[in-house]
Amino acid sequence: MNRNITISFVLHTLLVIITAMSLPFLAKKPIDLPPIVSVELIQISDKTNIPFAPKAKKIIEKIKEKEKKLVSEQAPPKIVKKEKEDAIPLPDEKIEKVKKIKEEKQNPEKVETEVKQVSEFEKKELFDSSSVAALIDKSKVESAETNKKLYKVTQDQDKKIDFGGLTISEEDALKAQIFGCWSIPLGLPYNENLLVRIKLQLKPDGSIIRTEILDHARMNKPGQGFYKVLAESALRAIKLCQPLRVPSKGYERWKELQLNFDAREMLEG
Amino acid sequence: MILRYLVILLILIPIKAFALIEVDITRGNLSPLPVAVSPLSIDEKSKNSFKEILKKENIGSEISIIVENNLKQSGLFNPLNKDAFLQKPDIANLKPRFEDWNLIKAQALITGKVTFVDEKLRVEFRLWDVLAGKEMMALAFTTVPSNWRRVGHIITDKVYERLTGEDGYFDTRIIYVSEKGPKTNRIKKLAIMDQDGFNNKFLTLGNELVLTPRFSPTNQMVTYLSYFRNLPRVYLLDIETGLQEVVGDFPGMTFAPRFSPDGKKIIMSFAKDGNSDIYTMDLENRIVERITNHPSIDTSPSYSPDGKHITFNSDRSKYQQIYTMDSNGKNVKRISFGNGIYGTPVWSPRGDLIAFTKLHKGKFYIGVMRTDGTGERLLTENFYQEAPSWSPNGRVLIFYRETKTNSKGEGFSAKLWSIDLTGYNERMVETVTDASDPSWSSLLGK
Amino acid sequence: MNLSKNLKNTFLILVASLVLNACAVQKKTTGQLQGDVYTGSDTIEYLASGVPDRVFFATNETVLTTASRETLRKQAAWLRKNSKINIVLEGHADERGTREYNLAIGERRANSAKDYLMTYGISSDRISVLSYGKERPVDSGSNPLAWSKNRRSVSVKAN
C-alpha cells in the first residue's frame, strides 16, 4: 500500500515539474497597443500619404527639423486647410515616404483592426464563442463607429505645426467631412440601387450656391419611394456640412463638384 | 530647376480645370436621426373637454409622447429633449423658426394641433425638414376620443414612412401568452396589447393551458392551442365577441396553428400514433387537406406572404431542420445546413427572408436566412430563446427568452424581447406579467 | 527569471489540478445518468407495488431503453391483472428545444410506450396518449440531470 502511494506521488510530482517547465507563464501578458497615428497633423496635398504608424513618429521628427523654417510661411489655421506653396512635394522628402505609399489609405483602418483584434484575443480566453461571434452582426457597429471617430479626428485642423510627411488628398478630406454629416436612413432596402448623384456649385469659402440631383426623375417614380428618402438624406448631409472645408487655392478646379452618395456598402454588411 | 516645375505646373493645371471632380461618398454614420417632437398645440376649450372625457391633463402632450416613445424604441430616431425647445407648440405649428430648431441639431420637426369638434378628436400634424427649411408632410385625422393612442401610432407610422422609405409598424398589436407561477405548474392566459405595451387585455381565464397564439390577417380572429378538457386542440377565438370554437374534428392532438395570408385557412400539425404531419382546414367549407405525408415530425408551418409556399420544421433527416415546399405539399426542399438544430421558421412579410431559432452547443440563437437557405445570419444568442415573429414591415423580430434557474430551481422568468433585422436595437418588451409565444398583428388601419 | 517562471507555473498547475479533482468528485455522487437517460429513482411514482409509472428517454430520442422495456413489461402485467383500468400515457420533453417540436416529440415518446404495451396484449382502447411537451417539467432545474428527469412518458390511471 505504502509503496503504491510513494510511486503515485513521485510520478505525479514528475508530471507537475515537466508541465511547469514546458509551458510559458499562463497568466496574461499586458497588451501592447501600437501607437496610434496622430492624425490631427494632416495637411492637404495631391496624394494621400499616411506612413505606417511606428515609423511615422521617426519620419515626423526628421521632417519637423527640416520644415522649421517653413512654419512662419503658413496661413493662420481657421477654416481653410493648409496647402503647401508648391503643388508638388520636394523630391528629397518624397524619397523618404516612398516606402509605405501603397499602404496609406488602408493604414488608419489597419491600426484600428489591430486594436480590435487584440480585444478579440482577450475575449477568446474567456468564452469560446469565436465561430459564432463572426456570424453575429455587431462588428458592423464597431467598425462604423471606429471609422466615424477616425474621420472626425481628421477634421481637427486647428494645429499650426506643419508635419510635411503626413498628407491627405483633397478628395479624402472632403469625403471625411461628408461621412461625418451623412445620417444614412437605416430603413433603405439593401438590395436596390442606392446611388444618388448630386452636383454642387460652391463659393470660394466653401458654402453652397446650389445643388442639383442628377436622377431627379427617379424621385417620384412609383416603387422607388426609398430613392426620395435617400436623396433627401444626402441633401441634408450637404446642408449640415456647410461651409465645406475647401482648399485655399485652385477655386477653378473645385467650384463645381459632383458627390456620388452610395449607401449600399453601409447597408449590405 | 524652378523652370522644370513651372513647366509641369503649366501642363497639369489646365487639365485639372476641365475635369468635373467626382467624389464617391460610400460611408455615413448609422446613428439615429435627431428629430424634435413638439407637443401638439391645443386650445383651452378642447383641452378641458378631453380632460373630462379621457381624464388626461393635456391630450396634445400625451399624443406627442406616444410618437416620441415609438420613434425612440425603433432605434432609428433620436427624439430631442423638450426642455431645449425654443418655440411654443402653437407657433411652431404655423411657421417654425428653423434656425431655432437647427440650433438644437434637429434635422426633422413634428408639430401639430388637437381640437375637440363634434364630439370627436381631430388631430392635424406636420413634418418639417429643418435643414431644407420646408414642410415635408401635413395630415389630419378625426376619430372617437377613446382612440387617441392609435392616433399617436398612426402619426408615427406616417412620419416613419416619410423619413425611412419603409412602411411603419406602430399601429399594431401583439398577442402573447401571459405566464405566472412555479415552473412545474405555470398558469397561462392569452393576452393582447398595443405594440408599446399599453391597453393590455386578457382573453382567457387561465383554467386550461394555452399556447402559441397567432393573429388572422384581418386582426379580428386568433388561433391557438388549448388543453380544454385535457384534449390539446387548435381553437379559434373572436377578439370582439370572445367566442371560441375548436378547429375541425381531429381524432388526436392538433397544434402549431397559423392563418393563411388570405385568412381563409388554418394550417397546423396533427399528431397521431407518434407521427405529426401538416394539414390545412378551410374555415368556410371546413374541408381538411393533408399537406405532408411522412413518418417524421412535421410542424411549425409558415406561409410565404403570397400564399404560394410554406416553410416548416421537420426531423426527416434525423434532427430538426427547415424545409420549404409548395402550398400543396409538393417540391419539399431542405434549406438549413449549418451546424446545429433549426426550428420555428417564419416567412418575412417582405417575402425575402425566413427567421428561425437555432440550437448549437447548448446555446439558442435567433437568426435569418434567405428563402433558399443562403446568407444565414445570427442576430442574437442566449441561454434560451425561441419563436421569432415579424413586425408587419419585416424589419423587427419579436421573440421570447427564459432564464436559467439556480440549483434550487428558483429564478425562472420568461420575457418578450425584440431585435432589428440588422442585429441592432435588442431590447426587452415590457409586459405586465411574464410572457412567451408572441405574435405580431398586421397594421390595424389596413 | 526562468526559476520564478517555473515556480509560478507549478503553483498554477497544482491549483488547477486540485480544482479539477474537486469537480470530478462532485459529478460522481449526483450522477444517475446512463448515457443521457435517467436511471435514478427520484420522481418515480408507483402504479402498484413494484410497478414504476414512468420511463425515460435520451435527448432528442424516442426509442425505449432496456430499462424502459422492463418497466413497461411490469405495467403490462399489472394492466392484464386489472383489466378494468384504463390509462393515459403522458409524454414530456425537456426545455432544451423549441416549444412546438417538443409537443410532437412528447406525443411520439408516449406512443413508443403505448406500442410496446400493445405488443404485450393491452388493447389500444385502454390507452390514450397526451403530450405536454415541455410544459409540465417535474424538475425545474436548468442542468442535464434535471432535464433527463423531464424527458419521460408517464402512465396515469384514467379511471
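Bear in mind the structure is a predicted one, so any value in this text is a computation, not a measurement. Chain A is the first sequence line, chain B the second, and so forth, proteins listed ahead of strands; every chain is numbered from 1.
Of all the listed residues (T357(B), T212(B), L359(B)), the one sharing the greatest number of non-hydrogen pairs under 4.5 Å with chain C is T212(B). Per-residue heavy-atom pair counts under 4.5 Å with chain B were compared for P137(C), G133(C), S112(C), and the maximum is reached by P137(C). Between chain C and the residues T344(B), L209(B), L211(B), the largest count of heavy-atom pairs under 4.5 Å involves L211(B). Of the listed residues (A110(C), S128(C), S131(C)), the greatest number of heavy-atom pairs within a distance under 4.5 Å of chain B belongs to S131(C). Listed options T403(B), N406(B), D437(B) were ranked by heavy-atom pairs under 4.5 angstrom with chain C; first place goes to D437(B). The residue among Q320(B), K318(B), K404(B) with the most heavy atom pairs within less than 4.5 Å of chain C is Q320(B).
For the pair I398(B)/W417(B), no side-chain contact is recorded, criterion being any heavy-atom separation below 4.5 Å from C-beta on. With contacts defined as side-chain heavy-atom distances shorter than 4.5 Å, the pair V288(B)/F250(B) qualifies.
For D36(C) and R151(C), the salt-bridge test passes: some basic side-chain N is under 4.0 Å from an acidic carboxylate O. For the pair K188(B) and E135(C), the salt-bridge criterion is met [side-chain N within less than 4.0 Å of a carboxylate O]. Salt bridge absent: D434(B) and K180(B) never bring a charged side-chain N and a carboxylate O closer than 4.0 Å.
Between Y227(B) and Y132(C), the distance separating the two ring centers is shorter than 6.0 angstrom.
The salt bridge (charged side-chain N to carboxylate O under 4.0 Å, His left out) pairs that include a residue from residues 112-134 of chain C are E402(B)-K134(C), where partners are two or more places apart or lie in different chains.
Side-chain N or O atoms of N313(B) include one that pairs as donor or acceptor with a backbone N or O of Y342(B) at under 3.5 Å.
Contact of N143(C) with chain B is not made at all, since no heavy-atom distance falls under 4.5 Å. Contact annotation for L231(B): neither backbone nor side-chain heavy atoms come within less than 4.5 Å of a heavy atom of chain C. For A387(B), no part lies under 4.5 angstrom from a heavy atom of chain C. If you measure heavy-atom distances from V129(C) to chain B, you find no contacts under 4.5 Å at all. For a residue to count as touching a neighbouring chain, one of its non-hydrogen atoms must lie under 4.5 Å from one of that chain's; by this rule S300(B) touches chain C with backbone and side chain alike. For D298(B), no part lies near chain C; criterion is any non-hydrogen pair under 4.5 Å.
Using a 4.5 Å cut-off between non-hydrogen atoms, the part of residues 89-108 of chain C that approaches chain B consists of E95(C), R96(C), G97(C), T98(C), R99(C), E100(C), Y101(C), L103(C), A104(C), I105(C), E107(C), R108(C). Heavy-atom neighbours of chain B within the stretch residues 63-80 of chain C, taken at a separation under 4.5 angstrom, are nonexistent.
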* **Stepwise side-chain contact (heavy atoms from CB on, under 4.5 Å) check, S155(C) with L47(C)** => CA-CA 8 Å; S155(C) 306; L47(C) 294 168; 4.2 Å; yes

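Under a cut-off of 6.0 angstrom, the local environment of CZ in F383(B) is crowded, with over 12 non-hydrogen atoms contributed by other residues, nucleotides or ligands. More than 12 non-hydrogen atoms from other residues, nucleotides or ligands lie less than 6.0 angstrom from CD of E61(C). Atom CG of N185(B) is surrounded by more than 12 heavy atoms from other residues, nucleotides or ligands within 6.0 Å.
The structure places OH of Y176(B) at 10.0 Å from OG of S436(B), a figure rounded to the nearest 0.5 Å.
Across I44(C) and P52(C), no two heavy atoms sit closer than the pair CG2-CB, 3.8 Å.
Annotation: salt bridge (charged side-chain N to carboxylate O under 4.0 Å, His left out) contacts of E410(B) (sequence neighbours excluded): none.
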